Asker: 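Encoded as structure tokens, here's the structure I'll be asking about.
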Protein chains: 2
Amino acid sequence: MLTKKQHTLLMLIHDKLKEDGVAPSFEEMKVALELKSKSGIHRLINALEERGFLRRLPNRARALEIIKLPEDEDTSPASNNLFRPEFGNRAPEVDPNTIEIPLHGKIAAGTPIEALEQYENIGVPAGMLGTGSYYALDVDGDSMLEAGILDGDRVVIERCDSANSGSIVVALVDEEEATLKTLQKRGPDIALEPSNRDFETQTYPANRVRIQGRLVGLLRQY
Amino acid sequence: MLTKKQHTLLMLIHDKLKEDGVAPSFEEMKVALELKSKSGIHRLINALEERGFLRRLPNRARALEIIKLPEDEDTSPASNNLFRPEFGNRAPEVDPNTIEIPLHGKIAAGTPIEALEQYENIGVPAGMLGTGSYYALDVDGDSMLEAGILDGDRVVIERCDSANSGSIVVALVDEEEATLKTLQKRGPDIALEPSNRDFETQTYPANRVRIQGRLVGLLRQY
DNA sequence: TATTCTATGCTAACGAAGAAACAACACACA
DNA sequence: TGTGTGTTGTTTCTTCGTTAGCATAGAATA
């Protein structure tokens with residue numbers, strides 16, 4: 001899975017993170033690996049990210065986070081199970097790559113978020129999240145049907161207060177009605193666009209609309 | 001993840017919070033970090049919030065809450081949660097309720113599953129699975145569009161060899177073409193029904209179709 | 001053997017983000 | 001209304017991450 005260099009760097013980052021709580025800068029890694037240029041580090045980091053060991057914020061200083069370590073230096077040559085004749089089975093195993101986020105309730109077109117009395121947390125795959133702040137909502141209704149968001153789906157929302165046109169957002173209108181809609185900026189106004197012919201796009205002055213988050217993921221159970 | 005300054009400030013806030021029960025004001029933080037202006041603090045706080053370590057209420061004095069610490073030195077967060085109930089939010093934390101299942105490749109209408117060279121496992125929330133055997137596939141194409149299954153979605157499949165009419169299944173036709181379709185039993189025949197007007201229902205004698213699994217979940221990232 | 005691919009190494013230049021300092025303004029609360 | 005507090009903007013400098021181009025070694029492949 002990893003080359004020696006990649007492995008070395010990953011462990012280095014891991015140690016630093018544990019020790020200082022702060023990830024090393026490219027410069028520091030360069031020195032630690034006895035390189036004379038940062039570009040090598042850059043490539044290694046990319047490789048590690050691509051392979052799912054790291055997560056990062058691009059263009060942010062020291063914004064590295066380790067997602068997993070390469071302990072599964074898998075055993076025997078059996079790992080070369082090239083073939084799974086019948087979709088070879090694997091014992092499901094617990095893994096730590098889940099993040100818990102709060103489930104805040106239901107969201108539907110035209111009604112406020114119906115809050116839950118008590119908080120409930122749900123786990124979502126870490127890969128679905130970045131480093132922001134997230135919560136989940138259960139979708140009530142069909143207003144986003146044609147965007148593949150069905151009644152009963154659970155959506156993962158990243159907290160934010162602005163978004164680009166075309167993003168699907170949780171928008172609070174007049175501080176009272178929260179809906180899940182596609183955002184379109186129209187000059188001074190904001191249009192909230194459903195994805196269902198039976199519903200109509202609504203346009204408001206920007207000051208009546210507050211973005212509460214951006215759709216980043218969806219979970220559905222059948 | 002954090003720069004030194006960010007880390008220092010975070011720990012400072014954490015300590016104050018633990019000590020006094022009250023978050024420090026910008027002014028106090030300014031002094032503690034030996035800065036001569038508050039704007040620096042403002043930026044640091046923004047960075048911390050962006051990275052998900054802090055939450056705050058805008059325009060509220062001292063309304064800071066720590067949601068996680070670097071490398072989870074644990075906070076025994078209960079102590080902090082005594083006030084600011086309006087935050088009522090829980091820190092994202094790693095939890096063990098994920099099951100790893102293998103990702104077997106892509107599935108599209110009319111083509112065989114495109115197998116991955118190497119196994120890759122993905123984590124899915126344990127609540128999505130029962131006790132059976134599961135795997136995941138990435139959906140390629142729009143044949144189930146109207147059922148809310150989009151190109152690029154990841155579907156979770158429970159291995160099984162039969163299913164009821166109306167279920168969405170992975171069906172292998174003539175041992176070569178695997179597709180994701182709605183199953184309809186029609187006497188001796190089996191109909192595989194897409195959810196897209198641009199595709200047609202296909203009907204085969206039952207012996208040409210083998211069910212390989214049943215759709216039980218869906219994950220989507222935006 | 002010749003070819004290609006991958007991982008790696010180096011230089012150099014660029015641009016983006018972090019940080020410090022000063023200033024002015026807005027808001028909450030008493 | 002005034003004080004404490006948080007928010008924004010500008011400027012300047014530093015640190016850091018990104019990219020392009022070129023080179024080398026080893027492994028895999030033809």
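The structure presented is a predicted model; accordingly, all values stated were derived computationally and were not measured. Numbers restart at 1 for each chain; the letters A, B, ... are given by sequence-line order, proteins then strands.
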Asker: Could you state the atom-to-atom distance from CG of B/L9 to C1' of C/dA19 in whole Å?
Answerer: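 Distance check: B/L9 CG to C/dA19 C1' gives 13 Å.
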Asker: Would you indicate whether the side-chain heavy atoms of B/I107 and B/V170 approach each other to under 4.5 Å?
Answerer: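 Counting from C-beta outward, B/V170 and B/I107 do come under 4.5 Å.
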Asker: Considering only heavy atoms from C-beta outward, does the side chain of B/L137 approach that of B/I157 to under 4.5 Å?
Answerer: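 Sidechains of B/I157 and B/L137: in contact.
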Asker: The side chain of A/L35 lies closest to which of these nucleotides: D/dT19, C/dA19, C/dG9?
Answerer: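 The listed nucleotide nearest to A/L35's side chain is C/dG9.
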Asker: Side-chain contact test, heavy atoms from C-beta onward, threshold under 4.5 Å: evaluate it for A/V169 versus A/K181 and give yes or no.
Answerer: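 The answer is no; the side chains never approach within 4.5 Å.
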Asker: Rounded off to whole Å, could you give me the CZ-to-C1' distance for the B/F26 and C/dA26 pair?
Answerer: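 So the CZ-C1' distance, B/F26 to C/dA26, works out to 14 Å.
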Asker: Near A/K16 NZ, under 6.0 Å, is it more than 12 heavy atoms from other residues, nucleotides or ligands?
Answerer: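 No, because the 6.0 Å sphere around NZ of A/K16 holds 12 heavy atoms or fewer from other groups.
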Asker: Verify the contact: side-chain N or O of A/R60 to OP1 or OP2 of C/dA16, cut-off strictly under 4.0 Å; return yes or no.
Answerer: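 Looking at the OP1 and OP2 atoms of C/dA16, neither is under 4.0 Å from any side-chain N or O of A/R60.
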Asker: C/dA12 base to A/S37 side chain: any donor-acceptor pair below 3.5 Å?
Answerer: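 A donor-acceptor contact between them is absent.
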Asker: I'd like to know whether A/E28 forms a salt bridge (charged side-chain N to carboxylate O under 4.0 Å, His left out) with A/R62, so could you lay out the CA-CA distance, the side-chain angles of the two residues, the decisive distance to 0.1 Å, and finally the verdict.
Answerer: CA-CA 10 Å; A/E28 291 164 354; A/R62 300 168 189 264; 3.3 Å; yes
Asker: Measuring from A/N196:CG to A/M144:CE, what's the distance to the nearest 0.5 Å?
Answerer: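 A/N196 atom CG to A/M144 atom CE measures 9.5 Å (nearest 0.5 Å).
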Asker: Under 4.0 Å between a side-chain N/O of A/H42 and OP1 or OP2 of D/dG17, yes or no?
Answerer: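 Result: no.
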Asker: So which nucleotide from D/dC16, C/dA19, C/dA16 ends up closest to the side chain of A/N59?
Answerer: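 From the listed options, C/dA16 comes nearest.
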Asker: Does a nitrogen or oxygen in the side chain of A/K5 sit under 4.0 Å from OP1 or OP2 of C/dG9?
Answerer: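 So the side-chain polar atoms of A/K5 do come within 4.0 Å of the phosphate oxygens OP1 or OP2 of C/dG9, strictly under.
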Asker: Once you apply a heavy-atom cut-off of 4.0 Å, does A/K38 come out as touching a base, just sugar-phosphate, or nothing?
Answerer: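 Here A/K38 touches the bases of the nucleic acid.
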Asker: From D/dC16, D/dT19, C/dA19, pick the nucleotide closest to the side chain of B/Q6?
Answerer: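 My answer, after comparing the listed nucleotides, is C/dA19.
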Asker: Is there side-chain contact between B/L35 and B/I41, with heavy atoms separated by less than 4.5 Å?
Answerer: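 B/L35 reaches B/I41 side chain to side chain.
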Asker: Can you measure A/K4 atom NZ to D/dA27 atom C1' for me and round it to whole angstrom units?
Answerer: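 Interatomic distance, NZ of A/K4 to C1' of D/dA27: 13 Å.
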Asker: Does OP1 or OP2 of C/dT8 have a side-chain N or O of A/T3 closer than 4.0 Å?
Answerer: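 Yes, within the criterion.
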Asker: Roughly, in whole Å, what's the span from NZ in A/K36 to P in C/dT8?
Answerer: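 Rounding to the nearest Å, NZ of A/K36 and P of C/dT8 are 18 Å apart.
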Asker: Quick one: on DNA chain D, does B/S25 or A/A63 contact a more 5' nucleotide (nearest heavy atom)?
Answerer: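 The residue mapped nearer the 5' terminus is B/S25.
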Asker: Base, sugar-phosphate, or nothing: which does A/L44 touch, judged by heavy atoms less than 4.0 Å apart?
Answerer: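 Counting heavy atoms under 4.0 Å across all strands, the contact made by A/L44 is with sugar-phosphate only.
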Asker: Atom NZ of A/K30 and atom C1' of C/dT11: how far apart are they, to the nearest Å?
Answerer: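 After rounding, the reported distance stands at 11 Å.
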Asker: At how many degrees, to 10°, do the end axes of the helix from C/dT1-D/dA30 to C/dA30-D/dT1 meet when each uses five pairs?
Answerer: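 Nearest ten degrees gives 60° for this helix.
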Asker: How many whole angstroms separate atom CG of A/L33 from atom P of C/dT8?
Answerer: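 Going from A/L33 (CG) to C/dT8 (P), I get 10 Å.
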Asker: Measure from CG on A/N46 to P on C/dA7 and round the result to the nearest Å.
Answerer: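 Going from A/N46 (CG) to C/dA7 (P), I get 12 Å.
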Asker: Tell me if the side-chain of A/R43 makes a donor-acceptor pair with the base of C/dG9, cut-off 3.5 Å, by modelled atom types.
Answerer: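 Checked by distance alone, the answer is yes.
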Asker: Separation of A/I45 atom CD1 from C/dG9 atom C1', in whole Å?
Answerer: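 Spelled out: CD1 on A/I45 to C1' on C/dG9 is 16 Å.
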Asker: Is it the case that atom NZ in B/K4 sees more than 12 heavy atoms from other parts of the structure closer than 6.0 Å?
Answerer: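 Not buried by this count: 12 neighbours or fewer within 6.0 Å.
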